[in-house]
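Here's the structure we're looking at; comments come further down.
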Number of protein chains: 2
Amino acid sequence: MPRVAAVPVRTKKKTRDADVSRARVFEAAAEEFAARGFDGAKVDRIAERAGVNKAMLYYHYTDKAALYRAVVGDMFASTAAEMAALRETGGSPEVKLAAFIDVIAREGQLRPHFPAMWLRELADGGQHLGERNFGDIFGIVSTLAAILKEGEAAGRFHASTPFMVQMGIVGPLFMFLATAPMRKRLMTKMPIAPPDVPPATLVAYVKSMTIGALTAGRTSSSASKAGKR
Amino acid sequence: MPRVAAVPVRTKKKTRDADVSRARVFEAAAEEFAARGFDGAKVDRIAERAGVNKAMLYYHYTDKAALYRAVVGDMFASTAAEMAALRETGGSPEVKLAAFIDVIAREGQLRPHFPAMWLRELADGGQHLGERNFGDIFGIVSTLAAILKEGEAAGRFHASTPFMVQMGIVGPLFMFLATAPMRKRLMTKMPIAPPDVPPATLVAYVKSMTIGALTAGRTSSSASKAGKR
DNA sequence: GTCTATATTTTGATAGAC
DNA sequence: GTCTATCAAAATATAGAC
């Protein structure tokens, strides 16, 4: 037992270093995966970006796929957690829906790699996702489904397909966010693709679109209330 | 000159065969690229899918990148051409906007690989696109920009950013279309992701969203007219 | 036009010293 | 925990016969 007691200090030091390099790898991987996709991302490049040796990468993560899952898992787990919190709050269906959109938008901005990675994962058919990821996604869509159902029951929303509404929210939001680098580069050739739309404007537009579609033809003023400018 | 005269018949035969195998390669490539992306797509697998020898693939196309450009170019050129035609037609801004959305949706369904490939290309930042592709894309967005401007001048649409509106149309449409295989596979685990929403319903929803956002707060009945059901 | 065999390069991954 | 050196497996592309 005395042998065990001697370790703490040194362990703490080592652990902190490990956490640092591990975090650097994670961050670099997120950028690489977002910019090039799973197959396009190269392990060597991730290590280089992270400023660590390639062997270090394998010290922290079993392989490329595990690293990818770590990044993706973090995205969905975080979003799912926020959604769980959202489910506890009150308010009208319109307010809840706006809050739902805010969470998606916030997560998409908080993690710059999120939008592009999500776009790719959708195109990939969820190839790289695991059971836990699907669970988180299910939780997210379920949150939206509950809001829609509530609004529908209250006679404020049309009947709708949750997954379709979800794509109607994530699509515009993430497509716009994911194309930020591209738009920046294209500005000279395409004055139509501005790199600098304020996030608030984008979010407002998405809210307006969604509420607009769900309340089209109704006399309520909810459409104009939720997403102005 | 007599040597030249003897060729035609044989050439025709050969040409037909060539066209067939070339088309098969093109088709197989479109599927592979859509399902796995540029880096994920493997030349061997494309050849196998096409039922031709790998060497044949290189006989028809200089390399993998050229093949990719051929598929992508076809998508954008076709869509751009339809947009050019649309620019000639008349009607109210609302009608034109609906027609614009119809073109995007039609192209997305006509070429099953279009949605997924477009999602990927956006995430890639247009890495694999050439000058001509950007020209076509510019033409497409410009068509939308003109419609929006007209509606705005007529006092029927809010001021808007064309590229953002474009993402608001392509996003929901293509995300939903691109996830068809995924949804089919997930049905058992996620009853929220139905594989079978009728395209007409999806298109109507996107029209309703877009018109709804552009006319939010207005007294006009255009929102309910353009995208019902 | 079509196929076999092969050259070349890239890349994911590990062994083993420090 | 960190790095060097290296292996083994893919994967792109081509040469050359038919």
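Just so we're on the same page: letters track the sequence lines, and every chain starts at 1. All of these numbers come straight from a predicted model, not from anything done at the bench.
Near-neighbour residues of DNA chain D inside residues 65-74 of chain A, defined by a heavy atom below 4.0 Å, are absent. For the segment residues 25-35 of chain A, the set of residues with a heavy atom within less than 4.0 Å of an atom of DNA chain C is empty.
Summarising the local packing, NZ of A:K42 is surrounded by more than 12 heavy atoms from other residues, nucleotides or ligands at distances under 6.0 Å. Counted within 6.0 Å of CZ on B:R87, heavy atoms from surrounding residues, nucleotides or ligands total more than 12; the atom is thus considered enclosed.
The backbone N or O of B:V206 lies less than 3.5 Å from a partner atom in the side chain of B:T210, making a donor-acceptor pair. Between the side chain of B:R24 and the main chain of B:A50, a donor-acceptor pair closer than 3.5 Å is present.
The existence of a salt bridge linking B:E131 and A:K189 is confirmed by a sub-4.0 Å separation between a basic side-chain nitrogen and an acidic carboxylate oxygen. One finds no salt bridge joining A:D196 and A:R183 here, because no Lys/Arg side-chain nitrogen approaches an Asp/Glu carboxylate oxygen to under 4.0 Å.
If you take NZ of B:K64 and P of C:dT9, they are 18 Å apart, rounded to a whole angstrom. Atom CZ of B:F38 and atom P of D:dA11 are 14 Å apart (whole Å). Summarising the geometry, the separation between CD1 on A:I46 and C1' on C:dT11 is reported as 12 Å, rounded to the nearest angstrom. Following rounding to the nearest Å, B:R22 (CZ) and C:dG1 (P) show an atom-to-atom distance of 11 Å. In this structure, the CG atom of A:L57 is 15 Å from the P atom of D:dG1, given to the nearest Å.
Contacts of A:D63 with the nucleic acid, taken as non-hydrogen atoms under 4.0 Å apart, involve only primed sugar atoms and P, OP1 or OP2. Among the protein residues, A:A41 comes within range of the sugar-phosphate backbone only, with heavy atoms under 4.0 Å from sugar or phosphate atoms but none that close to a base.
Under the 4.5 Å side-chain criterion, counting only non-hydrogen atoms from C-beta, B:I192 is not in contact with A:L144.
Contact annotation: B:Y58 side-chain N/O to D:dT14 OP1/OP2 distance is not under 4.0 Å.
Aromatic rings from B:F174 and B:F114 are positioned such that their centres are separated by under 6.0 Å.
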Enumerate all atom pairs, one protein N or O and one N or O from nucleotides 2-4 of chain D, separated by less than 3.5 Å.
from, atom 1, to, atom 2, distance (Å)
D:dT2, OP2, A:S21, OG, 3.3
D:dT4, OP2, A:N53, ND2, 3.3

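For A:D39, the salt bridge (Lys or Arg N to Asp or Glu O under 4.0 Å) criterion is met by no residue, not counting sequence neighbours. Shown here are the side chain to side chain contact (heavy atoms under 4.5 Å, CB included) partners of B:A70, two or more places apart in sequence or in another chain: B:F26, B:Y61.
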Only distances under 3.5 Å count here; give the side-chain donor-acceptor pairs of residues 164-173 of chain B to other protein atoms, sequence neighbours excluded, each with its distance to 0.1 Å.
none

